[in-house]
Amino acid sequence: MKILIKLGGTLLDGDATRQAIATQLTAAHKRNAGTVIVHGGGKQMTRFLAERNVESRFVEGLRVTTDEVLDAVLKVFAGSVNHTLVASLVASGAPAVGITGIDACLAEAEQLRPELGFVGKPVRSNPELLHTLIGGGFLPVVACVAGDRQGNIYNVNADQMAVSCASGFQANRLLFLTDVDGVKDGGGQVIPTLTLEQSRLLIADGIATGGMQAKLNAAADALLGGVGEVVIAPGAAPDIVARLLDGE
């Protein structure tokens, strides 16, 4: 089975939480060799920029990416966040390899809108690198940075990166590990299962907004792209990865 697990940056922001999720991911890799990880790191990025007196500006939830911010994207997403996670996975016994969407054109992107700067939208995924790494027994860990064949580099939303890789990889399951309990109805109760049409109604009725709206849109894109099933679950819950793999 091919599984892609997307981690929110909050899960990776502290040594203890990062090592805890790394231990779970290592167990998942040993249980299922066809596992790929994609991660974000927005919280770490905002802190990095603030320490350098660079203002973080957002348009519709997307970080405006100037030359200066793009340099930080490489340092934080592809650098510190990616490699501290890889190091934690290695410490847990996983043969983890840190890569980005730039590597071997894993995720090709184009500029989303000029006013956003170097923010890209994945338009194509070339999964050969993932297949090669998995075939060699490795655990790929993908940072949300993409490129194109002209040498441009783009900051890409981590959910969109996960969908692009999962669709190209033709994953059976895409797991979003986030900082909320799950998708909730109008009464605040977690909904166990949703069809594509039901998820669209949650958005149309104004129940799913903001980050959850973006997650549901990403889930829809994944399903339409050939992914078999998408799960949105609380990443900090005990043994969450094993429980999801068991079908909970």
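Predicted model only: the values in this text are computed from it and were never measured. Below, each value reflects all heavy atoms present in this structure, side chains not excepted, and no hydrogens, waters or symmetry copies.
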Please determine whether a side-chain nitrogen of the Lys or Arg among Asp246 and Arg243 lies less than 4.0 Å from a carboxylate oxygen of the Asp or Glu.
no
With sequence neighbours left out, what residues match Asn152 under side chain to side chain donor-acceptor pair (under 3.5 Å)?
Asp148
Could you measure the distance from the OG1 atom of Thr23 to the CD1 atom of Ile21? Nearest 0.5 Å is fine.
9.0 Å
Ignoring hydrogens and geometry beyond distance, is a side-chain donor-acceptor pair present between Arg63 and Thr46 at under 3.5 Å?
yes
Rounded to the nearest 0.5 Å, what separation is found between the CG atom of Asp185 and the CG atom of Leu202?
8.0 Å
Okay, side chain of Thr10, backbone of Asp179: is any donor-acceptor separation there less than 3.5 Å?
no
Do Gln19 side-chain atoms and Ala16 backbone N/O form a donor-acceptor pair below 3.5 Å?
no
Straight-line distance of Phe118 CZ to Asp67 CG, nearest 0.5 Å
4.5 Å
Ignoring hydrogens and angles, tell me if any N or O in the side chain of Asp239 forms a donor-acceptor pair with the backbone of Ala242 under 3.5 Å.
no
Is it the case that the side chain of Thr100 and the backbone of Ile102 share a donor-acceptor pair, with hydrogens and angles ignored and the cut-off at 3.5 Å?
yes
Sub-3.5 Å donor-acceptor pair from the side chain of Thr26 to the main-chain atoms of Ala22, do we have one?
yes
Closest heavy-atom pair, Asn82 versus Gly98, reported as atoms and distance to 0.1 Å, is OD1-CA, 3.2 Å
Where at least one partner belongs to residues 209-236, residue pairs that pass side-chain hydrogen bond (donor to acceptor under 3.5 Å, both in side chains), sequence neighbours excluded
Asp159-Lys215, Arg173-Glu229
Spacing of CG belonging to Leu130 relative to NZ belonging to Lys2, to within rounding of 0.5 Å:
9.5 Å
Return the CG to CD1 distance between Leu194 and Ile232, rounded to the nearest 0.5 Å.
8.0 Å
Determine whether a donor-acceptor pair (N or O, by modelled atom type, separation under 3.5 Å) exists between the side chain of Asn32 and the backbone of Met1.
yes
Met45 side, atom CE; Ser80 side, atom OG - distance, nearest 0.5 Å
8.0 Å
Looking only at heavy atoms, what is the nearest atom pair of Ala220 and Leu196, with distance?
CB-CD1, 3.3 Å
Between Gly40 and Ala158 the two heavy atoms that sit nearest each other are CA-CB, 3.7 Å
Hey, would you say the His39 and Phe77 ring centroids sit under 6.0 Å apart?
no
NZ/NE/NH1/NH2 to OD/OE distance under 4.0 Å, Glu110 and Lys121
no
Does His29 reach the main-chain N or O of Leu25 with its side chain, forming a donor-acceptor pair under 3.5 Å?
no
With distance as the sole criterion, is a donor-acceptor pair present between the side chains of Asn126 and Glu108 under 3.5 Å?
yes
Tell me if the CD atom of Gln170 is crowded by more than 12 foreign heavy atoms within 6.0 Å.
yes
Please enumerate all residues that pass salt bridge (charged side-chain N to carboxylate O under 4.0 Å, His left out) together with Glu55, with sequence neighbours excluded.
none
